[in-house]
Amino acid sequence: MSDEPDMLSGLNPVQRQAVTVAPGPVLVLAGPGSGKTRVLTHRVAYLIGAQRVDPFTILAVTFTNKAAREMRERLDTLLGAGQAAALTVGTFHRICARFLRRDIVHLGRERDFAIYDSDDQLRVMRRVLRDLNFDEKKHAPRAIHAAISRAKNELVDADAYSRQARTYFDEVVARCFVRYQELLRDANALDFDDLLVETVRLLTQHPDVLERYQERYRHILADEYQDTNRAQYVLLKQLAAKYRNIFVVGDEDQSVYAFRGADIRNIQSFERDYPEAQVIMLEQNYRSTQAILDVAQAVINRSAQRRHDKKLWTRNGKGVQVQLIEGYDQDEEAQLVASEIARLVASGDYRYGDFAVMYRTNAQSRAVEEAFIPRTMPHIIVGGTRFYERKEIKDALAYLRLALNPLDNISFGRVMNWPVRGIGQRTQEDLERRASALGIPIYTLLQMLAAGANGADAADMDGAVRELVAAPRTRNALLSFLTLIDDVINQRNTLPLGALIDWLFDRVGFREALLREYGEEDGGDRWNNVLELRNVAENYANLPRENQLATLLEEVALVSDVDSVQEERDAITCITLHQAKGLEFPVVFIVGLEEGLLPHSRSTDDRSALDEERRLFYVGATRAKQRLYLLHAFRRTVYGRMNMATPSRFLQDIPPDLLQTAAKRGYALAQQATMFTGRTSLDRGKPALRTRPSVAPAPATRRAAPDAQRAVAFFAGQKVRHAHFGEGIVVSSKLVEGDEEVTVAFVGKGVRRLLASFANLQRAEEE
DNA sequence: GTACGTTCATTTTTT
DNA sequence: ATGAACGTAC
């Protein structure tokens with residue numbers, strides 16, 4: 001190993017051991033600041049540089065896109081630029097999206113699927129509730145969706161969910177689950193969870209595909225292994241089954257994603273699945289001072305159970321004592337942070353980029369920001385309203401998504417009447433309901449309408465279209481929107497992406513609409529955001545044209561906000577504790593250390609949830625290299641109501657001599673203002689007892705079943721492909737003089753009537 | 001069919 | 001405090 005010093009330079013003996021360990025299953029258990037990610041990266045470098053492993057055969061899974069990018073950069077340094085270009089690095093979701101884009105046709109789906117984000121998912125959920133006649137008030141779309149998401153992460157499908165449903169709520173979820181999946185499928189869309197689930201299914205149902213990936217990826221590495229959920233666990237297991245070269249790195253004490261299905265037991269399963277696994281512990285911390293580690297450990301040691309007992313230690317000195325500070329309210333708390341930062345910056349020892357302010361909930365960022373703004377202290381808020389969640393950006397993306405996949409009903413509904421073009425709520429709801437009931441996209445419905453308008457008499461499916469839209473004005477609005485979409489679809493392959501966007505937004509009147517709706521100033525800002533998106537699109541100009549749009553859309557669907565955190569900008573980082581995982585800062589402030597916030601009130605009555613909150617504190621505290629400040633407020637405004645706050649129980653777990661407690665500046669003020677506000681009553685109108693709601697009448701039978709009487713090969717709603725017209729959906733089919741006459745709505749090409757014997761229509765595989 | 005005003009719930013954490 | 005969902009007026 002001494003023959004390749006570059007790959008190992010700067011590593012201590014234990015890290016070296018981990019990096020150079022013989023092939024086979026390896027589990028690295030490592031505390032915070034022990035160089036986990038570094039070990040992972042060097043392992044990749046070692047495989048390529050010293051073991052002469054072809055980078056093409058390496059798959060590295062990182063927790064964020066940012067980590068993936070950094071790994072690439074570091075490898076370029078270690079190995080020389082371009083050496084690792086063929087390596088596959090990325091998050092689970094991104095890797096799955098890639099696999100699926102290549103192979104999803106094996107599951108009988110179209111390649112250009114849309115990826116639905118949380119907002120889209122919620123919209124689908126609302127549609128589901130309306131279809132099933134459930135009342136949104138009684139059945140929170142979020143809660144149902146969360147249950148479905150949890151199930152998917154455990155690889156429980158709608159069928160299995162129904163079978164094991166025990167409670168009434170489960171029954172509701174089970175029915176919604178089925179419908180939800182149908183709607184996604186009709187829209188040729190996948191949600192985040194489907195990316196994982198469908199990939200696992202692909203590899204399970206198609207051994208040849210699995211074999212191909214196993215052969216390709218002979219070396220698999222995964223970071224933040226403690227945060228993998230069931231689906232991710234299975235995926236890794238499938239891929240590694242053949243060559244068993246799997247190298248995972250994790251820390252049980254930093255598991256903070258149980259709420260999205262992460263399961264620490266995956267670490268224990270690792271040793272069971274691979275009995276020959278080598279387990280390596282990295283216990284030395286290089287990041288923090290002893291003072292900081294002591295505080296972090298004091299809290300984590302009180303957690304209910306820990307499996308592998310690590311003993312963190314550091315050669316770093318004791319350092320500055322951890323500060324405990326109480327503010328009067330969240331505003332003063334933020335002021336204290338701001339003035340301390342100002343003081344340290346003025347001292348000349350620190351720059352703004354050295355600081356991070358961490359909190360449990362995004363809502364807390366507001367108070368913090370408001371302390372920075374008047375002092376003109378540079379700061380960035382990670383999270384909050386993300387760029388790609390802004391309305392104007394989502395609208396812009398909706399148009400682009402339609403260009404790729406006009407079956408995407410959510411995008412269709414989003415921009416059908418934006419900018420306003422005379423398609424009102426009623427018309428829209430009518431279209432969505434009919435489309436949903438028939439199991440066809442709105443796009444196809446409009447194509448049928450158009451065909452009917454041309455007197456083609458094709459659109460006779462259930463007579464649904466005939467009675468659709470009486471008013472000529474509305475009809476014209478719909479048809480011109482359809483023409484717009486078809487034009488985009490047809491321009492998609494002729495124009496480069498940037499030009500396509502310019503052309504499209506000009507034709508739509510995007511800028512004018514924004515200015516009209518939001519006024520000169522706000523509208524102008526929003527338009528600039530749209531232009532920003534257009535700039536992002538420019539990055540894909542060097543890809544093959546037919547991949548540009550799909551790659552852009554995949555990219556924007558899967559970026560997370562931490563990805564854009566850049567050290568170069570000298571600004572204070574304001575960030576949630578969750579997002580802070582994997583980062584480090586010289587000075588860290590954790591604010592809102594109060595009961596109800598950390599631990600969060602939603603977690604206080606559950607032992608394991610409480611432990612997760614504890615780990616969250618641990619993660620936050622161990623981000624700090626030199627100075628750590630723990631803050632809490634005496635009173636806090638929640639939902640506009642002022643409440644008394646109790647210091648977090650985690651603070652009680654820290655021996656007082658480990659903390660330096662600042663003078664309680666809040667108290668004088670507090671005593672004046674406390675007065676009589678100690679109300680906590682929450683028991684206003686309790687929801688009525690759960691009445692078993694009209695369990696909805698069965699929804700209109702969708703997917704006209706192939707009629708047993710007639711011997712037709714095609715039926716309405718079916719997806720087909722034609723050599724010349726491309727993909728389409730069957731509108732109707734009937735036997736005419738011994739041949740089958742099929743009417744098909746083709747994407748971008750309108751409705752055509754074809755004879756099955758001549759047309760050579762390919763049926764899309766049904767599962 | 002749209003535009004505006006009122007009520008009401010809403011907040012964990014994220015790909 | 002803020003934003004979404006509903007009702008009423010144009």
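Convention: sequence-line order gives letters A, B, ...; per-chain numbering from 1.
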J.: Specify the separation, in whole Å, of atom CZ of A:Arg636 and atom P of B:dT11.
T.: 19 Å

J.: Take atom CG of A:Asp119 and atom P of B:dT10, then tell me their distance rounded to the nearest Å.
T.: 16 Å

J.: Tell me which of A:Arg602 and A:Arg426 sits closer to the 5' end of DNA chain B, going by the nucleotide each one is nearest to.
T.: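 It is A:Arg426, whose closest nucleotide lies nearer the 5' terminus.
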
J.: For the pair made of CD in A:Gln364 and C1' in B:dT11, what is the distance, rounded to whole Å?
T.: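 Interatomic distance, CD of A:Gln364 to C1' of B:dT11: 11 Å.
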
J.: Parallel, tilted or perpendicular for A:Phe372 and A:His379, by the 30°/60° rule?
T.: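 A:Phe372 and A:His379: tilted rings.
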
J.: Check the angle between the aromatic planes of A:Phe650 and A:Phe617 and answer parallel, tilted or perpendicular using the 30° and 60° thresholds.
T.: tilted

J.: Mind checking whether A:Phe63 and A:Tyr225 have ring centres under 6.0 Å apart?
T.: no

J.: Cation-pi check, A:Arg260 to A:Tyr257: give yes when NZ or CZ is under 6.0 Å from the six-membered ring centre and within 45° of the ring axis, no otherwise.
T.: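 Verdict for A:Tyr257: a cation-pi partner in A:Arg260.
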
J.: Look only at the side chain of A:Arg623 and the backbone of A:Val619, and say whether a donor-acceptor pair between them is shorter than 3.5 Å.
T.: yes

J.: Enumerate the protein-to-nucleotides 13-15 of chain B contacts in which both atoms are nitrogen or oxygen and the separation is below 3.5 Å.
T.:
from, atom 1, to, atom 2, distance (Å)
B:dT13, OP1, A:Asn362, N, 2.7
B:dT13, OP1, A:Asn362, ND2, 3.4
B:dT13, O4', A:Arg360, NH2, 3.4
B:dT13, O2, A:Arg360, NH2, 2.5
B:dT13, O2, A:His578, NE2, 3.4
B:dT14, OP1, A:Thr576, OG1, 3.1
B:dT14, OP2, A:Asn362, ND2, 3.4
B:dT15, OP1, A:Ser560, OG, 2.9
B:dT15, O2, A:His93, NE2, 3.2

J.: Would you kindly compare A:Gly424 and A:Val638 by the position of their nearest DNA chain B nucleotide and give the one closer to the 5′ end?
T.: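 Its nucleotide being nearer the 5' end, the pick is A:Gly424.
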
J.: For A:Arg230, does the CZ atom have more than 12 heavy-atom neighbours from other residues, nucleotides or ligands under 6.0 Å away?
T.: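 For A:Arg230, atom CZ is not crowded (no more than 12 foreign heavy atoms under 6.0 Å).
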
J.: Start with the C-alpha gap between A:Asp395 and A:Arg390, add the side-chain angles, then the distance that decides, and say whether salt bridge (Lys or Arg N to Asp or Glu O under 4.0 Å) holds.
T.: CA-CA 9 Å; A:Asp395 289 341; A:Arg390 293 168 165 280; over 6 Å; no

J.: Tell me what A:Arg142 touches on the nucleic acid: a base, only sugar-phosphate, or nothing, going by heavy atoms under 4.0 Å.
T.: sugar-phosphate

J.: When you measure from the side chain of A:Tyr359 to the backbone of A:Ile590, do you find a donor-acceptor pair of N or O atoms at a distance under 3.5 Å?
T.: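 Checking the backbone N and O of A:Ile590 against the side chain of A:Tyr359, no donor-acceptor pair under 3.5 Å is found.
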
J.: Distances under 3.5 Å only, N/O to N/O: pair up the protein atoms with those of nucleotides 1-4 of chain C.
T.:
from, atom 1, to, atom 2, distance (Å)
C:dT2, OP1, A:Arg366, NH2, 3.3

J.: Distance check, C1' atoms only: C:dA4 and B:dT13, in whole angstrom units.
T.: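 It works out to 22 Å between them.
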
J.: For A:Leu129 and C:dA5, what is the distance between atoms CG and C1' respectively, to the nearest whole Å?
T.: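 One finds 15 Å between C1' of C:dA5 and CG of A:Leu129, rounded.
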
J.: Tell me if a side-chain donor or acceptor on A:Arg421 pairs with a main-chain N or O of A:Met416 at a distance below 3.5 Å.
T.: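 Checked: pair present.
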
J.: Between C:dC6 and B:dT11, how far is it from one C1' atom to the other, in whole Å?
T.: 22 Å

